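These numbers come from the heavy atoms of this one structure, side chains and all, not from hydrogens, waters or symmetry mates. Computed from a prediction, not measured in an experiment: that's the story for all the values here.
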Amino acid sequence: RVIMTSHRTRVVAAWSVHAFTLTGVIWATLAMLALFADQHKLMWLYLGIALVVDGVDGSLARRADVKKYAPNFDGVILDCVVDYLTWTFIPALFMYRAGLLGEGTLAVVLLVLINVTSMFCYANTKMKTDDYYFMGFPATWNIVALALWLAQPNTLVNAIIVVFFSVLTWAPITFVHPFRVKRFMALNVIATLAWVVSSGVLVVYYPVQVHWAFIIWIVSGLWIVVLGLIRTVTAKRSQRASAAVSADETVLAGAADTER
């Protein structure tokens with residue numbers, strides 16, 4: 001009986017985690033409604049809540065061992081659907097409706113570019129490295145959209161930025177997953193939380209500039225970006241060193257065969 005109770009508890013825990021992840025669909029729906037009502041700050045609130053859910057549900061799922069205790073419901077697919085809606089699709093539509101992508105054909109082309117190139121992130125079976133960095137731009141268009149909305153650069157600059165990040169989808173550059181990368185994990189989590197909080201402050205007071213929040217927003221964001229770049233450079237150097245060692249071993253082996 002004790003074993004049955006324990007198993008039932010684990011099953012309930014696993015499905016509770018799935019239900020928690022599923023709330024992301026609710027927040028995405030509310031964000032979409034707010035977007036079409038031109039309530040941009042409310043949209044960012046719902047996307048912010050979805051961001052928090054996405055940040056913690058993975059850890060909860062692993063702890064609850066959902067693959068074992070709720071095997072007939074794929075949380076990975078659910079997470080990808082929610083992520084595509086809240087990280088990519090809705091932010092892209094926001095940029096289109098807010099005029100950040102320009103007007104007419106240009107705006108449509110950039111909107112399609114964002115949504116199509118992002119699929120090469122979500123459908124990429126090698127999206128993450130063995131040490132849980134993202135390989136290539138991880139379709140975090142909510143961050144790009146927020147930055148463009150706050151900064152309000154001109155259409156040409158926005159177009160260049162959109163094309164740049166779209167191309168980065170295939171670039172051999174790593175980006176930090178703040179809740180999975182073990183290197184500096186504590187600092188990564190702190191930086192991420194600082195970025196989320198400062199983003200909230202900037203959205204609430206927009207269009208009034210809050211300088212201290214902006215500084216925190218920039219510094220915390222740069223920490224995450226720079227750490228990913230350091231990982232990229234380190235990995236490249238390691239690959240070159242390994243290639244050099246392999247070449248030397250090949251030369252030595254060839255020399256040994258010649259002597260024989």
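- With contacts defined as side-chain heavy-atom distances shorter than 4.5 Å, the pair Cys121/Phe137 does not qualify.
- Annotation for Val176 and Ile224: closest pair CG2-O, 3.5 Å, computed over non-hydrogen atoms.
- Clustering ILVMFWY residues whenever any of their side-chain heavy atoms sit less than 4.5 angstrom apart, transitively, puts Trp44 in a cluster other than the one holding Leu33.
- Two residues are said to be in side-chain contact when any heavy atoms from C-beta on lie closer than 4.5 Å; Met127 and Pro138 fail this criterion.
- Once rounded to the nearest 0.5 Å, the distance linking CG of Asn115 with CG of Leu93 reads 6.5 Å.
- Within 6.0 Å of atom CZ in Phe120, 12 or fewer heavy atoms from other residues, nucleotides or ligands are found, so the atom counts as exposed in its surroundings.
- Under the 4.5 Å side-chain heavy-atom criterion for Ile, Leu, Val, Met, Phe, Trp and Tyr, Val112 and Met95 are members of the same hydrophobic cluster.
- Considering only heavy atoms from C-beta on, Leu45 stays 4.5 Å or farther from Lys41 through its side chain.
- The only member of Val66, Asp57, Asp74 that meets side chain to side chain contact (heavy atoms under 4.5 Å, CB included) when paired with His18 is Val66.
- Shortest non-hydrogen contact noted between Ser220 and Ala191 is CB-O, 3.3 Å.
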Stepwise, does the side chain to side chain contact (heavy atoms under 4.5 Å, CB included) test hold for Ile218 with Phe214?
CA-CA 6 Å; Ile218 291 294; Phe214 181 74; 3.8 Å; yes
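- Side-chain atoms of His40 and Phe94, non-hydrogen and from C-beta on, do get closer than 4.5 Å to each other.
- Between Ala34 and Met43, the shortest heavy-atom distance links the atoms CB-N, 3.7 Å.
- Hydrophobic clustering of Ile, Leu, Val, Met, Phe, Trp and Tyr side chains at less than 4.5 Å, counting indirect connections, unites Val196 with Trp87.
- Apart from Val11 itself, the hydrophobic cluster it occupies contains Trp15, Leu22, Val25, Tyr69, Phe73, Leu78, Val82, where clustering links Ile, Leu, Val, Met, Phe, Trp and Tyr at side-chain heavy-atom distances under 4.5 Å.
- Residue-environment remark: CZ (Arg62) exceeds the threshold of 12 foreign heavy atoms within 6.0 Å.
- Within the model, atoms CZ of Arg183 and OG1 of Thr234 stand 5.5 Å from one another, a figure rounded to the nearest 0.5 Å.
- Atom OG1 in Thr86 sits 15.5 Å away from atom CH2 in Trp141 (nearest 0.5 Å).
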Side-chain donor-acceptor pairs of residues 158-174 under 3.5 Å, sequence neighbours excluded:
| unit_1 | atom_1 | unit_2 | atom_2 | d |
| --- | --- | --- | --- | --- |
| Asn158 | ND2 | Leu100 | O | 2.8 |
| Ser166 | OG | Val162 | O | 2.7 |
| Thr169 | OG1 | Ser166 | O | 2.8 |
| Thr174 | OG1 | Gly228 | O | 2.7 |
| Thr174 | OG1 | Thr232 | N | 3.4 |
| Thr174 | OG1 | Thr232 | OG1 | 2.8 |

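- Side chain of Ser118 to main chain of Ala139: no donor-acceptor pair is present (N/O by atom type, distance under 3.5 Å, no hydrogens or angles).
- Atom NE2 of residue His211 and atom CD1 of residue Ile215 lie 8.5 Å apart, to the nearest 0.5 angstrom.
- A chain of hydrophobic side-chain contacts below 4.5 Å, direct or via other Ile, Leu, Val, Met, Phe, Trp or Tyr residues, connects Leu113 to Val157.
- In this structure, Ser198 contributes its side chain and Trp195 its backbone to a donor-acceptor pair below 3.5 Å.
- Using a 4.5 Å heavy-atom cutoff, the side chains of Val108 and Tyr96 are in contact.
- Expressed to the nearest 0.5 Å, how far CG of Asp79 lies from CG of Asp54 amounts to 5.0 Å.
- When side chains are defined from C-beta on, Arg231 counts as touching Asp131, because their heavy atoms get closer than 4.5 Å.
- One finds the CZ atom of Arg97 at 5.5 Å from the CZ atom of Phe36 (value rounded to the nearest 0.5 Å).
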Donor-acceptor contacts under 3.5 Å from residues 144-153 side chains, at least two apart:
| unit_1 | atom_1 | unit_2 | atom_2 | d |
| --- | --- | --- | --- | --- |
| Gln152 | NE2 | Trp149 | O | 2.8 |
| Gln152 | NE2 | Tyr206 | OH | 3.4 |

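- Val201 and Tyr46 are assigned to two separate hydrophobic clusters, defined by single-linkage of ILVMFWY side chains at heavy-atom distances under 4.5 Å.
- In this structure, Tyr132 and His177 approach most closely via the heavy-atom pair O-CB, 3.3 Å.
- Nearest heavy-atom pair across Met119 and Tyr84 is SD-CE1, 3.5 Å.
- Between Lys128 and Tyr133, every side-chain heavy-atom pair lies at or beyond the 4.5 Å cut-off.
- Pairing each heavy atom of Ile90 with each of Ala28, the nearest pair is CD1-O, 3.3 Å.
- Remark: Trp27 CH2 is loosely packed, at most 12 non-hydrogen atoms of other residues, nucleotides or ligands lying under 6.0 Å away.
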